[in-house]
Student: 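Here's a structure for you.
Each ligand, and each atom within it, is numbered from 1 in the order the structure gives. Just so we're clear, the structure is a prediction, and the values are computed from it rather than from any experiment.
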Amino acid sequence: MKQLIIKTILALGLVVNVAYAQLSVKNLRVEMLNNPEGIDVVNPRLSWQSASQTRGDFQKSYRVIVASTQEKLDKNIGDLWDTETINSSQSIHVYYAGKPLKGKTNAYWKVQVTSYSGQTSWSATGTWSMGILHYVDWKGRWIGLDELMPWDIQALHARLSARYFRKEFEAKKTIKQAKAYIMGLGLYELHINGEKVGNHVLAPSPTDYDENVKYNTFDVTRQLQNGKNAVGIVLGNGRFYAMRQVAKPYKVKTFGFPKALLNIEILYTDGSKEVIATDDSWKVTADGPIRANNEYDGEEYDATKELTGWNKIGYNDATWRKPEQVQNANGNYEAQMNEPMVIKDSVFVKTITRLRGDTFILDMGQNMVGWLQLKQLKGTRGQTVKLRFAETLQKDGSLYTANLRDAHVTDLYTLKGDANGEQWEPSFIYHGFRYVEITNFPGTPVKEQFVGKVVYDDLDNIGSVATSNNTLNRIFKNAWWGISGNYKGMPVDCPQRNERQPWLGDRTIGAYGESFLFDNAKLYAKWIDDIGYAQRADGSIPDVAPIFWRYFGDNVTWPGTYITVTDMLYRQFGDTKTLTAHYPKMKLWMNYMHGKYLNNEGLITKDKYGDWCVPPESLEMIHSQDPKRKTDGMLIASGNFCHMLNLMSDFAKVLGYENDIKDFQQKRDAIKTAFNKRFYNAEKGYYDNNTVTANILPLMFGLVEEENKSTLMLNVADKILNENKGHISTGVIGTQWLMRSLSQNGYENIAYKIASNTTYPSWGYMAENGATTIWELWNGNTADPKMNSGNHVMLLGDLLIWYFEHLAGIKNDESGVAFKKITMKPTFTEGLETTSGNYKSPYGEIKSAWLNQKKLFTWDITVPFNSEATVYLPTTNIKAIKEGKKPLVENNGYKIIGKANGQTILSVGSGTYSFTISK
Ligand code: BGC
C-alpha cells in the first residue's frame with residue numbers, strides 16, 4: 001500500500017511551494033460523530049481531515065494521542081493511547097486500540113499529521129465521553145404511571161396526557177462535573193432548574209423498544225448548582241404508547257404507558273460521586289397542560305393547566321403523587337449513536353387568507369415537516385385556538401385532508417389569558433404541511449404571530465448540485481425538502497397521514513442518492529440495526545423496520561434494502577463495521593429466501609409490490625392494471641435477488657469469506673441462466689413484455705450477455721422516445737436504475753430529457769403543479785386520495801445519484817470506498833450549459849463546476865487532501881487543453897494516463913485545478 005502511494009505521489013509530482021506550505025488538520029470525528037457524549041462503543045473509530053496548500057499532497061503518517069484530561073493532552077501525555085508515529089495514509093475509521101475505556105469517562109484526543117510534502121501539523125482537541133456500559137451501572141428504577149387518567153382515552157384514536165415527574169435534591173459539595181443519562185419512552189424532555197436540557201426534540205430516536213432502547217447523555221454541569229436543585233422529566237407517547245390503540249393487534253405494535261429511567265452522575269471537586277436517579281422518591285402528575293399528544297392526531301395544550309415553576313426548586317407538589325415503579329423496558333439499553341432530531345430551520349408565513357368568519361388559512365409557501373409556533377397571543381383565559389394542517393387546498397380554498405386518511409392532525413391551544421401575550425409550540429408531535437387552518441384565534445392573525453419550525457435529524461448538508469436548467473434545480477430543491485422532512489430518527493415514508501412508517505423499499509437506492517445531500521451515515525447505520533433487530537429467527541425480514549407495523553411479506557425488493565443500504569454505507573462512507581456486524585444476518589436472509597422461494601425453473605418466485613406506482617393508464621388510478629405497463633413479479637424478484645447475490649459476494653470478498661464468495665456466485669450464475677431462458681426474447685432483443693423496467697433491471701444487475709446489450713438499449717430508447725413520448729414509465733423499482741442505465745449506455749440525452757420534463761409524468765410535472773416536495777404518485781394531483789401523499793421520496797429512484805455522478809461528475813471510484821479515489825466524469829448533454837456540484841466526502845470537499853459553450857469548455861475541480869481523482873476531459877486533443885491558463889504540464893499535481901472514447905484521462909492529486917478546452 002505504502003509503496004503504491006509513494007509511486008502515485010512521485011508520479012503526480014508534488015508541487016511544494018515552501019513559502020505557502022501549510023497543513024491544517026480539522027473535522028475530528030469519533031464514530032463519525034462530532035465530539036459525542038455518552039457513546040457505548042469501546043473501540044471507537046477516529047477520523048480527521050486535513051488541508052494542504054500543496055497539490056497532490058498525501059498523508060504520510062499520523063500520530064493520535066488520547067488522554068483522560070485536557071491537561072495531559074496538552075502535555076502530549078497519552079495516558080489512554082499514544083500511537084506514536086504510524087506511517088499510513090489512513091485518516092478515516094482508525095480504530096481506537098488504547099487502554100480499555102471505562103463507562104462514564106471522558107476522552108480528549110488530537111492527531112498529528114505529516115504529509116508527503118514534509119509538512120506537519122497538530123489538530124485542535126476533539127473529545128468524546130463514554131456512556132453507561134453495563135446494566136448494573138444504571139442506578140434507580142424505571143418510573144411511570146401505568147394507568148389512564150380520567151381524561152385519557154384508550155381507543156383507536158389514543159388520547160393520553162403527558163406525564164410530569166419532578167424531584168428536588170441538594171448538592172452538598174462543589175460540583176466539578178455532572179452528566180445526565182436518560183431513557184424516556186416514548187419521548188421525553190429533561191429539565192433542570194427551570195431550563196430544558198439540550199436541543200434535542202422528539203428524543204430519543206424511535207426503536208422497537210422490545211429489542212433496544214436508546215439513551216441520551218448530556219453534560220449538565222452548567223445547569224446544576226451547588227446546593228438545591230430541581231429536576232423534571234416530561235414524557236410524551238411517541239411510538240411507545242402507539243398512536244392507534246385497540247387496533248389490529250397483530251399489525252400495530254404498542255409497548256405500554258410512557259416510562260423513564262434517569263441517572264445524573266455528579267462528580268464533586270473532592271473526587272466523590274453521587275447519582276441522582278429516578279425512584280419512588282420522585283413525584284408525578286398527568287394533570288398538566290399537555291392534555292393529549294398523538295403523532296397522527298396532534299397535541300392539545302391547555303395553558304390554564306400550566307404547572308408554573310414545576311421544574312424549579314420550591315414548587316409545591318403536594319397534590320402530585322408517587323410514581324409507580326414499573327417494568328423495565330424490554331430492549332437492550334444502547335447509546336444513541338445517530339444524531340438527534342432538532343429544530344433545524346424556520347419558515348415564515350407567506351399569506352394569511354380569511355376563509356370564512358373566524359377561520360383563516362395560512363400558507364407557509366413550502367410543504368414542510370415540523371410544527372407551528374404561536375406567538376404574541378392576547379385573548380381570554382379559556383379560549384381555545386384550533387390548528388389543522390394539510391399539504392394542499394381544495395378549490396374553495398379550504399384544506400384538502402382526504403389524503404391524510406384518519407389522522408386528525410389538529411393542535412389545540414387553550415389560552416391562560418396572559419395580558420403580556422402568550423407563546424406556544426408543541427413538544428411531542430409533528431405534522432407534514434404547507435397550509436394551516438386556524439379557528440377561534442384571538443383577534444385577526446398577522447404573519448409575525450407564527451413560525452414554522454422545521455424538524456429533522458441534525459445532519460449536515462454535505463452536497464448540492466446546481467445547473468443551468470431551472471427545472472432540474474427545482475426538482476433538486478423539492479427532493480431536499482422531501483428527504484430532510486422524512487428523517488425522523490429513521491427514514492419514514494411520509495410525514496402527514498396516519499402512516500409515517502419506515503418502509504424498507506422506499507430507500508433501497510434512494511438512501512444512496514440521499515447520502516450526497518446529507519451526512520446520513522449514522523442515521524442509516526442505526527436503521528440497519530433496526531432492520532437486523534426486526535429479523536425473525538428463521539431469517540425473514542419485514543417490509544417495515546422498526547416493526548411498528550408488522551409485515552413479513554417475504555418479497556425480495558423491500559427486505560433487500562437491508563443489503564443495498566449496507567452497501568451504500570460501505571461504499572460512500574467506508575463503514576465496514578455495519579457490514580461486518582450484519583453480514584451473518586444478511587446471509588441468513590439470503591439462504592432463507594433461496595431455500596423457500598426458488599422454484600423448479602430455478603427462479604425466485606416471491607414478489608409483493610411489483611414495480612410499485614408506475615404511471616397508470618388513467619389519471620385517477622393509484623395502481624395500473626394494464627399488463628403492458630406492469631413488470632412481471634418473478635422477473636423483479638429474480639433479477640433483484642441476483643443483484644443481492646452480487647453484493648453479498650462483494651461483501652464476502654471484503655471480509656475474506658472464500659467459500660461464501662463461491663456459493664453466492666454459483667447461485668447467481670444459476671439464476672442468471674434460468675432468468676435469461678425464461679425472460680429473454682432473443683428474436684426481439686428484449687426481456688419479457690418489454691417494459692423499461694423489465695429491460696434495465698437485468699442490464700444493471702449483470703444478467704445481459706455483452707452482445708445483447710446494445711439491441712436491448714435500443715429497445716429501451718425506442719420505448720421511451722416513441723411510445724412514451726420521452727417520458728418515464730417506471731415505478732419505484734425501475735426508477736432506481738433508470739437514469740444510470742441511460743447515461744452509462746450512451747443515452748444521456750434521453751436521461752436529460754426525462755429529468756427535465758415538465759409534462760406528465762415527470763418530477764418536473766410535480767413542480768409545475770405546485771409541488772415543493774416529491775409526490776408518492778406520478779399523478780399525485782389527480783389520483784385517488786387513499787394513497788396519495790404529497791411528500792414521499794421513493795419515486796426519486798437514482799435521480800440524485802445521477803445529479804452527482806453524471807451531471808457534476810463526482811463519483812466514488814468503484815475500486816475503493818469513501819471517495820479515497822474519485823471518478824470525475826460528467827456526462828455532457830445537449831441543452832445543458834453548466835453544472836456545478838460540491839460534496840463533502842469523508843476526506844474533504846470535492847468540487848466540480850463546468851461550463852460547456854460552443855467554442856470553449858471550462859472545468860474547475862477540487863480534490864481533497866489524501867485522496868486522488870481520475871479525471872475525464874472531453875477531448876483527445878491534448879494541445880487544446882489548458883490548466884490554469886497553461887498547457888498541460890506533467891508533474892503539476894496531475895498526470896496524463898490515457899486517451900479513450902474521445903476523452904483524455906488524467907490522474908489528479910489533491911488541490912484545485914482549472915481546465916479549459918478550446919474547441
Ligand atoms: C407506503 C409506501 C410503501 C408501500 C408498500 C405505502 O403505503 O406509503 O411508501 O413502500 O406502502 O406497500
Student: What protein heavy atom sits nearest atom 12 (O) of ligand 1, and how far away is it?
Tutor: Tyr609 CE2, 2.9 Å
Student: Ring centres under 6.0 Å, that's the criterion: do Phe651 and Tyr583 meet it?
Tutor: no
Student: Do Trp778 and Leu795 have side-chain heavy atoms sitting under 4.5 Å apart?
Tutor: yes
Student: When only distance counts, is Trp612 in polar contact with ligand 1, meaning an N/O pair under 3.5 Å?
Tutor: no
Student: Do any N or O atoms from the side chain of Asn520 and from the backbone of Tyr524 form a donor-acceptor pair under 3.5 angstrom?
Tutor: no
Student: Any idea which part of Arg497 is under 4.0 Å from ligand 1, heavy-atom wise: side chain, backbone, both or neither?
Tutor: side chain
Student: Sort out for me which residue in Tyr687, Phe641, Phe701 forms a side chain to side chain contact (heavy atoms under 4.5 Å, CB included) with Phe675.
Tutor: Tyr687
Student: Would you say that Asp493 contacts Pro502 through its side chain, given a criterion of any heavy-atom pair below 4.5 Å between the two side chains?
Tutor: no
Student: Write out the residue and atom name of the closest protein heavy atom to atom 10 (O) of ligand 1, then the distance separating them to 0.1 Å.
Tutor: Asp506 OD1, 2.5 Å
Student: Please state which protein non-hydrogen atom is closest to atom 6 (C) of ligand 1 and give its distance, to 0.1 Å?
Tutor: Glu499 OE2, 3.6 Å
Student: Assess Tyr551 for proximity to ligand 1: is some non-hydrogen atom of it under 4.0 Å away?
Tutor: no
Student: Is the ring centre of Tyr609 less than 6.0 Å from the ring centre of Trp558?
Tutor: yes
Student: Arg507: heavy atom below 4.0 Å from ligand 1, yes or no?
Tutor: no
Student: I'd like to know whether ligand 1 has Lys608 as a neighbour, heavy-atom separation below 4.0 Å.
Tutor: no
Student: Run the numbers for me: atoms of ligand 1, each under 4.0 Å from some heavy atom of His792, listed by number.
Tutor: 1 (C), 2 (C), 8 (O), 9 (O)
Student: Please could you name the atoms of ligand 1 that Glu776 approaches to less than 4.0 Å, counting only its heavy atoms?
Tutor: 8 (O)
Student: Is ligand 1 under 4.0 Å from a heavy atom in the side chain of Met794, in the backbone, in both, or in neither?
Tutor: side chain
Student: Please verify the inter-ring angle class for Tyr592 with Tyr597; under 30° counts as parallel, over 60° as perpendicular, anything in between as tilted.
Tutor: perpendicular
Student: For Asp493, take its heavy atoms, then give the atoms of ligand 1 lying under 4.0 Å from any of them.
Tutor: 1 (C), 8 (O), 9 (O)
Student: Just how far is it from atom OG1 of Thr401 to atom CZ of Phe433, taken to the nearest 0.5 Å?
Tutor: 15.5 Å
